[in-house]
Amino acid sequence: MRAFEISGQFGLDHLRLVERPMPQPKAGEVLVRMSAATLNYRDLLVVEGTYNPKLRLPLIPVSDGAGVVQATGKGVARWRSGDRVTPIFFQGWLEGEPDREKLGTGLGAHLNGVLSEYGVFPEDGLLRVPDYLTDAEAAALPCAGVTAWSAIVKLGGVAPGDAVVVQGTGGVALFALQFAKLAGATVILTSSSDAKLAKGKELGADHLINYRAEPDWSRAVKDLTNGRGADLVIEIGGATTLAQSIRAVRVGGTIAMIGVVTGAAASAVPLPLVVMRQIRMQGVTLGSRADFMAMLRACAAVQLRPVLDEKRFAFDEVSAAFARMAAGEHFGKIAIEML
Ligand SMILES: NC(=O)c1ccc[n+]([C@@H]2O[C@H](COP(=O)([O-])OP(=O)(O)OC[C@H]3O[C@@H](n4cnc5c(N)ncnc54)[C@H](OP(=O)(O)O)[C@@H]3O)[C@@H](O)[C@H]2O)c1
């Protein structure tokens with residue numbers, strides 16, 4: 001079978017399409033023919049070697065995919081050939097709180113990912129794809145969807161009428177926008193692009209801020225919330241956005257700490273405000289299989305469709321797909337169709 005592999009060294013230039021032996025499912029395992037994958041910013045960091053330069057190579061990258069069950073190993077009761085499935089991100093985090101062991105089971109980093117024609121997963125490591133979703137849409141869910149679900153619903157506890165700031169228009173951000181609207185919140189969306197903001201409005205964003213035109217966007221958030229500040233900020237930027245997020249959130253509000261797209265080391269952060277305004281800095285690390293199932297129930301109830309970038313890529317165009325992400329040209333999830 002064909003698979004993309006980071007072999008000798010990290011870097012987009014070293015991502016290679018290689019032949020690997022066809023995997024065989026052992027007892028309790030399931031063989032899946034992958035039909036679609038989507039990219040996360042984290043996958044780009046993995047390929048570039050900045051996510052964790054100590055990852056063991058060779059490695060098949062990318063965590064998020066969907067496919068069809070081809071065969072099952074001995075004792076597998078849950079799946080049959082032909083079932084449409086999507087692998088969960090942390091194969092060992094089924095429920096409850098995370099711990100080091102569970103977080104050491106991420107696809108496309110600790111374990112081989114989905115950029116291969118076939119993959120083998122433990123039967124608990126898969127969930128059924130809802131009938132109303134395409135394979136590419138289902139492949140958008142495991143990382144970005146579950147992370148946004150945790151930030152808005154499980155850890156964010158967003159209630160009707162809350163004001164939520166969503167940073168950017170990437171994969172996590174647009175799920176956060178959709179889930180926040182589902183929860184009855186008012187959404188303030190920030191982006192570098194007016195064209196992307198206009199698309200965000202179509203998805204339900206109530207207020208739009210171009211963060212390039214308004215670098216001091218916390219003031220706009222304050223104005224839009226009658227001076228109160230946002231109940232929740234979905235923090236995607238990291239280094240250059242955190243100070244603004246701290247200023248934008250209300251007294252007693254929450255910043256969901258998710259991303260570091262502008263860098264991992266933040267300076268000039270107004271830490272006294274965090275203390276004096278009792279701001280909750282809530283780290284978010286995806287979620288469990290149980291969280292994924294809760295999210296799928298909510299999505300199915302309103303037939304929520306993940307937002308896919310308008311440009312689609314074929315399996316042999318993976319490098320171009322990563323380049324589009326690196327250039328920040330996308331809106332929503334970048335999908336790779338593998339069949
Ligand atoms: N903690 C977790 O469990 C978890 C899970 C998934 C992802 N993440 C992290 O979350 C981040 C986003 O991941 P993703 O896959 O959604 O990435 P993505 O699709 O590449 O989206 C990144 C977005 O960031 C926005 N952005 C860039 N600079 C910004 C700024 N200064 N202010 C506001 N927005 C800015 C851009 O929006 P515009 O183009 O609209 O400007 C861009 O679309 C990454 O750092 C990733 O590692 C964390």
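Note that ligands are numbered from 1 as they come in the structure, with each ligand's atoms numbered from 1 the same way. Just so it is clear, the structure is predicted and the values come from calculations on it, not from any experiment.
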Name all residues meeting the salt bridge (Lys or Arg N to Asp or Glu O under 4.0 Å) criterion together with K196; count only those two or more places apart in sequence or in a different chain, and write none if there are none.
-> none
Does a side-chain heavy-atom distance below 4.5 Å link Y211 with Q244?
-> no
Sequence neighbours left out, what passes side-chain hydrogen bond (donor to acceptor under 3.5 Å, both in side chains) with E29? Give chain and number order.
-> none
side-chain hydrogen bond (donor to acceptor under 3.5 Å, both in side chains) involving T72 - partner list, sequence neighbours excluded | none
K311 bridged to E329 by N-O distance under 4.0 Å | no
OG1/T86 to CZ/R128 distance, rounded to the nearest 0.5 angstrom?
-> 12.5 Å
Show the short N or O contacts, below 3.5 Å, that ligand 1 makes with protein N or O atoms; if there are none, say 'none'.
{"from": "ligand 1", "atom 1": "1 (N)", "to": "I258", "atom 2": "O", "distance (Å)": "3.3"}
{"from": "ligand 1", "atom 1": "1 (N)", "to": "V284", "atom 2": "O", "distance (Å)": "2.5"}
{"from": "ligand 1", "atom 1": "3 (O)", "to": "V284", "atom 2": "O", "distance (Å)": "3.3"}
{"from": "ligand 1", "atom 1": "3 (O)", "to": "L286", "atom 2": "N", "distance (Å)": "2.8"}
{"from": "ligand 1", "atom 1": "15 (O)", "to": "Y41", "atom 2": "N", "distance (Å)": "2.9"}
{"from": "ligand 1", "atom 1": "16 (O)", "to": "G171", "atom 2": "N", "distance (Å)": "3.2"}
{"from": "ligand 1", "atom 1": "16 (O)", "to": "V172", "atom 2": "N", "distance (Å)": "2.9"}
{"from": "ligand 1", "atom 1": "19 (O)", "to": "G171", "atom 2": "N", "distance (Å)": "2.9"}
{"from": "ligand 1", "atom 1": "19 (O)", "to": "H330", "atom 2": "NE2", "distance (Å)": "3.0"}
{"from": "ligand 1", "atom 1": "20 (O)", "to": "H330", "atom 2": "NE2", "distance (Å)": "3.0"}
{"from": "ligand 1", "atom 1": "26 (N)", "to": "Y211", "atom 2": "OH", "distance (Å)": "3.4"}
{"from": "ligand 1", "atom 1": "28 (N)", "to": "Y211", "atom 2": "OH", "distance (Å)": "3.3"}
{"from": "ligand 1", "atom 1": "37 (O)", "to": "T169", "atom 2": "N", "distance (Å)": "3.3"}
{"from": "ligand 1", "atom 1": "39 (O)", "to": "K196", "atom 2": "NZ", "distance (Å)": "2.8"}
{"from": "ligand 1", "atom 1": "40 (O)", "to": "T169", "atom 2": "N", "distance (Å)": "3.2"}
{"from": "ligand 1", "atom 1": "40 (O)", "to": "T169", "atom 2": "OG1", "distance (Å)": "2.6"}
{"from": "ligand 1", "atom 1": "40 (O)", "to": "S191", "atom 2": "OG", "distance (Å)": "2.6"}
{"from": "ligand 1", "atom 1": "41 (O)", "to": "S192", "atom 2": "N", "distance (Å)": "2.9"}
{"from": "ligand 1", "atom 1": "41 (O)", "to": "S192", "atom 2": "OG", "distance (Å)": "2.7"}
{"from": "ligand 1", "atom 1": "41 (O)", "to": "Y211", "atom 2": "OH", "distance (Å)": "2.6"}
{"from": "ligand 1", "atom 1": "43 (O)", "to": "G170", "atom 2": "N", "distance (Å)": "3.3"}
{"from": "ligand 1", "atom 1": "45 (O)", "to": "V260", "atom 2": "N", "distance (Å)": "2.9"}

